[in-house]
2 protein chains.
Amino acid sequence: MTSITPAAPIGNRAAASEARKQRIRDAALALFSQFGLRGASLDAIADQAGVSKTNLLYYFPSKEKLYVAVLQQILDTWLEPVRAIDAEQSPETAIGDYIRIKVELSRDHAQASRLFCLEMIQGAPLLREDLQSNLRLLVEEKSRVIEGWIARGSLRPVDPHHLIYLLWGTTQHYADFAVQIEAISGRTLADPAFFEATVENITRIVLGGLLPRTNADS
Amino acid sequence: MTSITPAAPIGNRAAASEARKQRIRDAALALFSQFGLRGASLDAIADQAGVSKTNLLYYFPSKEKLYVAVLQQILDTWLEPVRAIDAEQSPETAIGDYIRIKVELSRDHAQASRLFCLEMIQGAPLLREDLQSNLRLLVEEKSRVIEGWIARGSLRPVDPHHLIYLLWGTTQHYADFAVQIEAISGRTLADPAFFEATVENITRIVLGGLLPRTNADS
DNA sequence: TCCTTTTCAGACCAATTGGTCCGGTGGCTT
DNA sequence: AAGCCACCGGACCAATTGGTCTGAAAAGGA
């Protein structure tokens, strides 16, 4: 409790320990994201992490604690792009940037995206509080930014909530349904051309719309 | 094997039997969609269905068989709206109708949507074949319809695949992430006003786009 | 050096898992 | 009436589960 972690060198001990914990978290993410909290066994996680089950339980005192630890590490990463939305930017660049970053996340942290999705499907028993307070406030804040754009005339009228849901749903889809997408189009976000096409098409639909433009509407 | 099911009256016996099977399937859908294949126990399913575990295993010889039976019942329902897309329709009504039907599905069959999502996240080990053959062909067929619209000038250029993914992802989102949406906006698709707002906003964004219309582009 | 604290693993445990066995019960045909 | 057979449930089983206990290396400070 009163231990002062030595700042500079980080004793070999602590470093190795932290590395082990991270290996365990990574293994847990891989298995939890595939089989869920109840579906993944500690044996399998310990095995994949290359440590004994006892050792795993030494670092994380229970399965649920481990699960929460993994989730927590994800959450911040996930909301970061939302926080970055700024009223000073033009809606074009703000939304365009957001789409690109979210698709990058779907490419680079697909497992995290899937675990988050799993947790939501199950009713988010461990995150509900967080959602109702922090996330809600964040969304309200960004909604006002969007409403500002609309009032200023630089965005056509739309309910900010539904816009945010559409952006979330669309971008997450490329991580969570990667198997389906690969089965259908034979491509993956790992393919740079497909990645760019994804960003480009989503952006074009959301910003420009699908219907041809007549010069007779607002 | 050689039994000929009596067509008209359906003996009390067979009717009760079928009713039981359906109750089991419903219970299985509820629990599988929440905890996944490995996370849901046969005990819990039998309990929720109001039958003994032995009786459940009498109708469905193994857990996996039951799981597949439930999935199969979902698949057709799910692809129905895609099949309905028709080249003769205008893209406006075709896409508008599709969005409305999918949001209705998200409202009325949220559990089915979630189970489908779970299966995808896990890599769809039981559906992979189906995806690579049937679904792929269906998507290719509808892609050509969309390309026809574009060629005809009634739709702005877009990659049909990404358009389909966007529609899937957005509409599914309201079922799979219902908890999140409720935590943030306090509304549910069960609320008719919220349902209409959802359909309306998605349609407006996809068809009309967000950027204000200048009279200086295609 | 000695002693405390951290770190780690093998043996073990009670509970739960998917699934089987056996014995019944009630409807339907002959 | 009689017997066949679809139907159903309680007892049971081997395997796996999350988690504990005991005890020993391996540091690190004195």
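Lettering of chains follows the sequences in order, A, B, ..., and the numbering in each one begins at 1. Since this is a predicted model, take the numbers as computed values, not measurements. Just so it is clear, the values below take in all heavy atoms, side chains as well, and ignore hydrogens, waters and symmetry mates.
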query = Side chains of A/F32 and A/L37: does their closest heavy-atom pair fall under 4.5 Å?
reply = yes
A/E119 and A/R128 ion-paired at < 4.0 Å = no
task = Look at A/Y58 and C/dC8 and indicate whether a side-chain polar atom (N or O) is within less than 4.0 Å of OP1 or OP2.
result = no
note = The reported gap from CD1 in A/I121 to CG in A/D176 (rounded to nearest 0.5 angstrom) is 8.0 Å
Nucleotide C/dT6, atom P - distance to CG of A/N55 in whole Å = 15 Å
query = Would you say A/R20 reaches C/dC8's phosphate, i.e. side-chain N/O to OP1/OP2 under 4.0 Å?
reply = yes
request  = Tell me, please, whether A/F194 has A/R187 positioned over its six-membered ring: NZ or CZ under 6.0 Å from the ring centre and within 45 degrees of its axis?
outcome  = no
task = Under the salt bridge (Lys or Arg N to Asp or Glu O under 4.0 Å) rule, what do B/R25 and B/E18 come out as? Steps first, then yes or no, please.
result = CA-CA 10 Å; B/R25 268 193 296 256; B/E18 185 51 41; 3.0 Å; yes
inquiry  = Can you build the contact string for nucleotides 10-21 of chain C? Use B for base contact, S for sugar-phosphate-only contact, and - for no protein heavy atom under 4.0 Å.
reply    = B------SBBBB
